[in-house]
Asker: 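Below you'll find the structure I mean.
Values in this document were obtained by computation on a predicted structure and should not be read as measured data.
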Amino acid sequence: MGSGNFLGVVAKNFDVLAGPLVALVYPLYASIKAIESGSREDDQQWLTYWVLYSLITLFELTFSKVLEWFPIWTYAKLFATCWLVLPQFNGAAYVYKNFIRPFYMNPKTTTIWYIPRKKNIFSKQDDILAAAERYIEENGTEAFERLITKADREAKARRSHYMLFEEDDRY
């Protein structure tokens with residue numbers, strides 16, 4: 001009777017017992033191994049995992065009152081964490097390669113370097129050419145050329161191959 005009771009408690013609280021092991025203990029161990037290895041893939045896997053784990057934790061903290069209404073949430077979180085963590089699946093690396101990296105390498109956002117200042121709502125609408133001419137008048141052609149060169153360099157850097165660690169960095 002005692003062992004049956006114990007197994008029942010373990011079965012009812014499986015998510016509470018397995019969650020920290022899967023979400024924290026194994027990833028901590030694997031992260032330390034990844035730091036010591038020379039492989040870039042495992043660094044990517046575990047850095048991505050910790051970013052995703054942080055996002056999941058922030059989501060939980062933000063919506064805790066709503067998530068209380070879904071008793072399956074803890075099991076869904078455990079299942080998702082297993083998918084992210086277990087080496088058979090490498091879910092965190094999958095998320096990085098298919099979602100994070102394409103977004104990072106091809107951003108759809110535009111850097112705004114000029115915000116038009118309207119004196120009243122009936123004035124002529126500012127356009128990019130007028131903004132460039134005004135910038136040249138205020139700062140000179142050399143400053144405008146430096147701005148264009150800097151924007152080109154930043155665009156090329158975003159398109160260039162992503163490096164996790166630069167070779168030149170000094171610690």
Side-chain angles (χ1 to χ4, degrees), residues 6-116 128 131-132 146-171:
F6 175 74
L7 292 176
V9 169
V10 169
K12 281 186 177 181
N13 296 305
F14 179 73
D15 60 319
V16 176
L17 299 170
L21 289 174
V22 172
L24 294 171
V25 176
Y26 178 72
L28 284 171
Y29 168 74
S31 296
I32 292 169
K33 279 181 58 175
I35 290 169
E36 297 301 323
S37 78
S39 173
R40 181 176 171 212
E41 286 79 27
D42 59 357
D43 292 346
Q44 211 172 52
Q45 160 73 16
W46 294 112
L47 284 171
T48 306
Y49 169 75
W50 289 113
V51 169
L52 295 172
Y53 179 78
S54 299
L55 289 173
I56 291 169
T57 303
L58 286 172
F59 176 81
E60 272 189 311
L61 291 171
T62 304
F63 297 105
S64 61
K65 294 293 182 192
V66 175
L67 293 174
E68 288 175 0
W69 288 88
F70 299 99
I72 198 166
W73 167 249
T74 54
Y75 296 104
K77 180 184 169 192
L78 181 62
F79 178 76
T81 303
C82 287
W83 181 75
L84 291 171
V85 168
L86 293 176
Q88 293 86 352
F89 304 114
N90 275 343
Y94 177 83
V95 169
Y96 175 78
K97 288 177 186 161
N98 293 297
F99 298 102
I100 296 171
R101 188 163 197 267
F103 178 77
Y104 178 75
M105 296 306 286
N106 298 316
K108 302 289 183 207
T109 60
T110 304
T111 305
I112 298 174
W113 56 271
Y114 174 76
I115 299 173
I128 193 70
R146 283 194 304 270
L147 182 68
I148 297 298
T149 304
K150 181 182 176 189
D152 285 342
R153 267 186 285 155
E154 289 174 357
K156 286 177 185 174
R158 281 194 301 268
R159 287 190 303 261
S160 70
H161 207 68
Y162 175 76
M163 292 293 293
L164 191 59
F165 296 105
E166 294 294 327
E167 302 295 328
D168 303 350
D169 288 346
R170 302 278 188 250
Y171 297 100

Asker: Rounded to the nearest 0.5 Å, what separation is found between the CG atom of L67 and the CD atom of E60?
Answerer: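 Result: 6.5 Å between the selected atoms.
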Asker: Classify the ring geometry between Y26 and W46 as parallel (under 30°), tilted (30 to 60°) or perpendicular (over 60°).
Answerer: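 Because their plane-to-plane angle is over 60°, the rings of Y26 and W46 count as perpendicular.
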Asker: What pair of heavy atoms forms the shortest contact from A23 to W50, and how long is it?
Answerer: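 Reported closest heavy-atom pair: O-CH2, 4.1 Å.
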Asker: What distance do F70 atom CZ and F63 atom CZ have between them, rounded to the nearest 0.5 Å?
Answerer: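 So the CZ of F70 and the CZ of F63 are separated by 11.5 Å.
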Asker: Rounded to the nearest 0.5 Å, what separation is found between the CD atom of E154 and the NZ atom of K150?
Answerer: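 These two atoms lie 5.0 Å from each other.
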Asker: Run the numbers on Y94 and W83 for side-chain contact (heavy atoms from CB on, under 4.5 Å), then give the verdict.
Answerer: CA-CA 10 Å; Y94 177 83; W83 181 75; 3.6 Å; yes
Asker: How many angstroms lie between atom CD1 of I35 and atom CG of D43, to the nearest 0.5 angstrom?
Answerer: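 Reported to 0.5 Å precision, the distance equals 8.0 Å.
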Asker: Tell me the closest heavy-atom pair linking C82 and V22, and the distance in Å.
Answerer: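 Scanning both residues, the minimum pair turns out to be SG-CG1, 3.7 Å.
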Asker: Which heavy atom in D42 sits nearest to a heavy atom in S37, and how many Å separate them?
Answerer: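 Of all heavy-atom pairs spanning D42 and S37, the closest is OD2-OG, 2.6 Å.
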Asker: About how many Å separate OG1 of T81 and CG of L52, when rounded to the nearest 0.5 Å?
Answerer: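 It is 10.0 Å, given to the nearest 0.5 Å.
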Asker: Does atom CZ (F79) have a neighbourhood of more than 12 heavy atoms from anything else shown, all under 6.0 Å?
Answerer: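 At most 12 heavy atoms, drawn from other residues, nucleotides or ligands, come within 6.0 Å of this atom.
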Asker: Would the distance check show the side chain of Q45 and the main-chain N or O of L84 forming a donor-acceptor pair, the cut-off being under 3.5 Å?
Answerer: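 At least one qualifying donor-acceptor pair exists.
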Asker: Rounded to the nearest 0.5 Å, what's the gap from CZ on R101 to OG1 on T48? Could you check?
Answerer: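 So the CZ of R101 and the OG1 of T48 are separated by 11.0 Å.
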Asker: Does any non-hydrogen side-chain atom of Y53 lie less than 4.5 Å from one of L24?
Answerer: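 L24 reaches Y53 side chain to side chain.
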Asker: Would you indicate whether I72, at its atom CD1, is surrounded by more than 12 heavy atoms from other residues, nucleotides or ligands within a distance under 6.0 Å?
Answerer: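 Atom CD1 in I72 is not packed in, count stays at 12 or less.
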